[in-house]
Every structure is written in C-alpha cells, then in structure tokens.
Amino acid sequence: MACNTLTVLLVEDDRDLAATVVDYFALENAYCDHASDGALALNLIERHIYDVIILDLNLPRVSGLQVCEHIRHKGIDTPILMLTAKDTLEDKLMGFEKGADDYLVKPFAMAELIVRTQVLAKRKSGQVAKLTVKDLELDIKQQEVYRDGQLLSLSPIGTKIVELLMRESPNVVSRKKIIQTVWADDPPDSNSLKVHMFHIRKEIDAPHREKLVHTITSKGFAIKSSGDV
C-alpha cells in the first residue's frame, strides 16, 4: 500500500462511481482502496489500517450497516463516512447508531467528499464500543477491562490509562501524554503514574505468559503483543 498523507477505504458497489472517486483521491495525493461489497471490505479492514472508511449503506452480501456494526464491535476506531441515497432522518439515525461518524447523501460533489474525509481523518472515532489487543478487552461504555474473559480490578484512573494505551496500540505513549490526557489540569505527584503502571502490569500480565504491557526506556509505555515489540 502506498505511503501517502491520506489512506482511505471506499466501500461502494457502483463501480463507475468508485473509479471516479479513486481517481479523484489520487489527484489529491491520497491513496484509496476499493471494496465492491461488504464481505471484501471486512477482509481489507482486518488486514490494513485506514485513516477513513467511506461506506455505502446499500451493499451486496454484507450491508453497510452490518459492516459498520462489525468493525465497531471489533474495537476498530477508524472514522466512518456513510454514503446513502436515502435522505431520511431514520437512515441517518440508524447509521449513527451502528457507529458511523458522518454522512453524505448521493449524489454528492467530489470536493465535498474530499473535505469531509480530510476532516474525519484528523480524529479517531468516538463510536467504537470496545477496544481489543490480543485477549485484552476494554468495554468503553462500562469502563471495564478483561483479560482472557476475566474482569480485572483496575481503578478509574488505571482504566483511563489502559484505554489511552489501547487506543494508541501498538505505538508508544509518552509519560507526558499520559499525564496530560488522564489528569489534564490536575497533574499527580511524581510517583503516581509509576504506581498506577505497576498495578496495571500486575493485573494485566501477572497471570499470563504473554506480556502485553511494555515499558519503552526513555520513551514511555505501550500495550501490544510480544510479536509487535
């Protein structure tokens, strides 16, 4: 996959429209993958990381709503722009309920599609319901963390730290970013983060052979599988 400033997955069964969109993104120095049905889209999403997913709701094999619901259940927080030929409130509400972040009604102007996509690419979706790294799961709504199906005993602050590390996984998160994100304008004493990380590591890794919590010397912390180290 090309290394460009913007990487998009277009899920659209109208091949003529898809070809036009792909060409238009290329003119904007962006890479656009194309899936013609929902099943192919899910396969690509499992294998690649995209900045934005542009998702038609009316798809063969697996519907756009099903695709949306599936990837949010998997904890994938890529922003989703849904395309619909139906300009009704019910369709929009259903799309948002399944995890979409924005919508565009067909027919649309290519320039508007580009702008909407660029805006969404600047943030991760807030619609994801669950984060997953290997057998570690975070239920965002309930703020509960599980490893191998077992509920872990974490404090609210500890859970916030784990959520940040899982959202950024497999990347390293600096101590400064953790403190700014979790404590905001009320920074803790110098030992607080160290104590929280000790407890997080104990809860997540102590009973398991594979360690998921990693300290990266002089850089920060990461939650990732050993194969990503």
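Both backbone and side-chain heavy atoms feed into the values below; hydrogens, waters and symmetry mates do not.
- Paired with Leu136 under the rule side-chain contact (heavy atoms from CB on, under 4.5 Å), one option of Met166, Lys224, His208 passes, and it is Met166.
- Heavy-atom minimum distance, Glu163 versus Leu131: O-CD1, 3.9 Å.
- Linking ILVMFWY side-chain heavy atoms closer than 4.5 Å, directly or via other members, places Leu6 and Phe108 in a single hydrophobic cluster.
- With no hydrogens or angles considered, no side-chain donor-acceptor pair links Asp139 and Tyr146 at under 3.5 Å.
- For Leu120 against Pro79, the heavy-atom pair with the smallest separation is O-CG, 3.2 Å.
- Across all their heavy atoms, Lys202 and Pro207 have their closest contact at O-CD, 4.0 Å.
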Verdict with supporting geometry, Tyr103 and Leu83, side chain to side chain contact (heavy atoms under 4.5 Å, CB included) = CA-CA 6 Å; Tyr103 71 91; Leu83 302 179; over 6 Å; no
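- Taking the side chain as every heavy atom from C-beta outward, Lys160 and Leu164 never approach each other to under 4.5 Å.
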Practice problem: Test Phe25 against Ile54 for side chain to side chain contact (heavy atoms under 4.5 Å, CB included), laying out the working first. | Solution: CA-CA 12 Å; Phe25 271 105; Ile54 301 172; 3.7 Å; yes
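- Once rounded to the nearest 0.5 Å, the distance linking NZ of Lys130 with CG of Leu138 reads 10.5 Å.
- Each of Val173, Ile200, Leu165 was compared with Phe221 under the side-chain contact (heavy atoms from CB on, under 4.5 Å) criterion, and only Leu165 meets it.
- Between Ala41 and Leu9, the closest heavy-atom pair is O-CD2, 4.2 Å.
- With a 4.5 Å cut-off on side-chain heavy atoms, Leu59 and Val11 count as touching.
- Looking at Gln118 and Glu28, their side chains never bring a donor and an acceptor atom within 3.5 Å of each other.
- Screening Asp101, Val67, Ile71, Thr117 for a side-chain contact (heavy atoms from CB on, under 4.5 Å) with Ile53, the sole residue that qualifies is Ile71.
- Within the 4.5 Å cutoff, the side chain of Ile204 has no heavy atoms near those of the Lys211 side chain.
- The pair Asp56-Lys106 meets the salt-bridge criterion, since a charged nitrogen lies less than 4.0 angstrom from a carboxylate oxygen.
- For the pair Leu44 and Ala35, the tightest heavy-atom approach, listed with the atom from each and the gap, is CD1-CB, 4.0 Å.
- Within the model, atoms SG of Cys68 and CD of Glu97 stand 10.5 Å from one another, a figure rounded to the nearest 0.5 Å.
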- request: Would you sort out whether Asp102 and Met82 count as a side chain to side chain contact (heavy atoms under 4.5 Å, CB included), showing the intermediate values?
  value: CA-CA 6 Å; Asp102 196 4; Met82 59 178 171; over 6 Å; no
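- Using a distance-only test at 3.5 Å, with no hydrogens or angles considered, no donor-acceptor pair links the side chain of Arg15 to the main chain of Ala19.
- Put simply, the side chain of Val8 does not reach to within 4.5 Å of the side chain of Asp33, judged on heavy atoms.
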Set out, in order, the CA-CA distance, both residues' side-chain angles and the distance that settles side chain to side chain contact (heavy atoms under 4.5 Å, CB included) for His34 and Leu40, then state yes or no. CA-CA 9 Å; His34 171 234; Leu40 178 57; over 6 Å; no
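- The main-chain N or O of Gly99 is found under 3.5 Å from a side-chain atom of Arg72 such that the two form a donor-acceptor pair.
- Distance check: Leu193 CG to Ile157 CD1 gives 10.5 Å after rounding to the nearest 0.5 Å.
- Between Leu81 and Leu55 the shortest side-chain heavy-atom distance does not fall below 4.5 Å.
- The backbone N or O of Ser63 lies less than 3.5 Å from a partner atom in the side chain of Gln66, making a donor-acceptor pair.
- Annotation: side chain of Glu210 is in contact with side chain of Ser225 (closest heavy-atom distance under 4.5 Å).
- The same ILVMFWY cluster, assembled from side-chain heavy atoms under 4.5 Å apart, contains both Val52 and Met110.
- Note on ring orientation: taking the six-membered ring where Trp is involved, the planes of His196 and Trp183 are tilted (angle from 30° to 60°).
- Separation of atoms CG (Asn171) and NZ (Lys219) is listed at 11.0 Å; rounding is to 0.5 Å.
- In this structure, Ile223 and Glu168 have side chains that are not in contact, with every pair of non-hydrogen atoms separated by 4.5 Å or more.
- Side-chain contact between Ile161 and Leu154 is absent, with no heavy-atom pair separated by less than 4.5 Å.
- Taking a 6.0 Å sphere around CD of Glu144, one finds it holds more than 12 heavy atoms contributed by other residues, nucleotides or ligands.
- Val195 and Val213 are members of different hydrophobic clusters when ILVMFWY side chains are connected at heavy-atom separations under 4.5 Å.
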What's the verdict on salt bridge (Lys or Arg N to Asp or Glu O under 4.0 Å) for Arg147 and Glu203, showing C-alpha distance, side-chain angles and the deciding distance?
CA-CA 9 Å; Arg147 176 99 194 250; Glu203 281 293 308; over 6 Å; no
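- Here Ser192 contributes atom OG and Met197 contributes atom CE; the two are 12.0 Å apart, rounded to the nearest 0.5 Å.
- The minimum heavy-atom distance between Ile216 and Val172, with the atom names listed, is CG1-CG2, 3.6 Å.
- Here the CG atom belonging to Asp13 is positioned 7.5 Å from the OG atom belonging to Ser36, to the nearest 0.5 angstrom.
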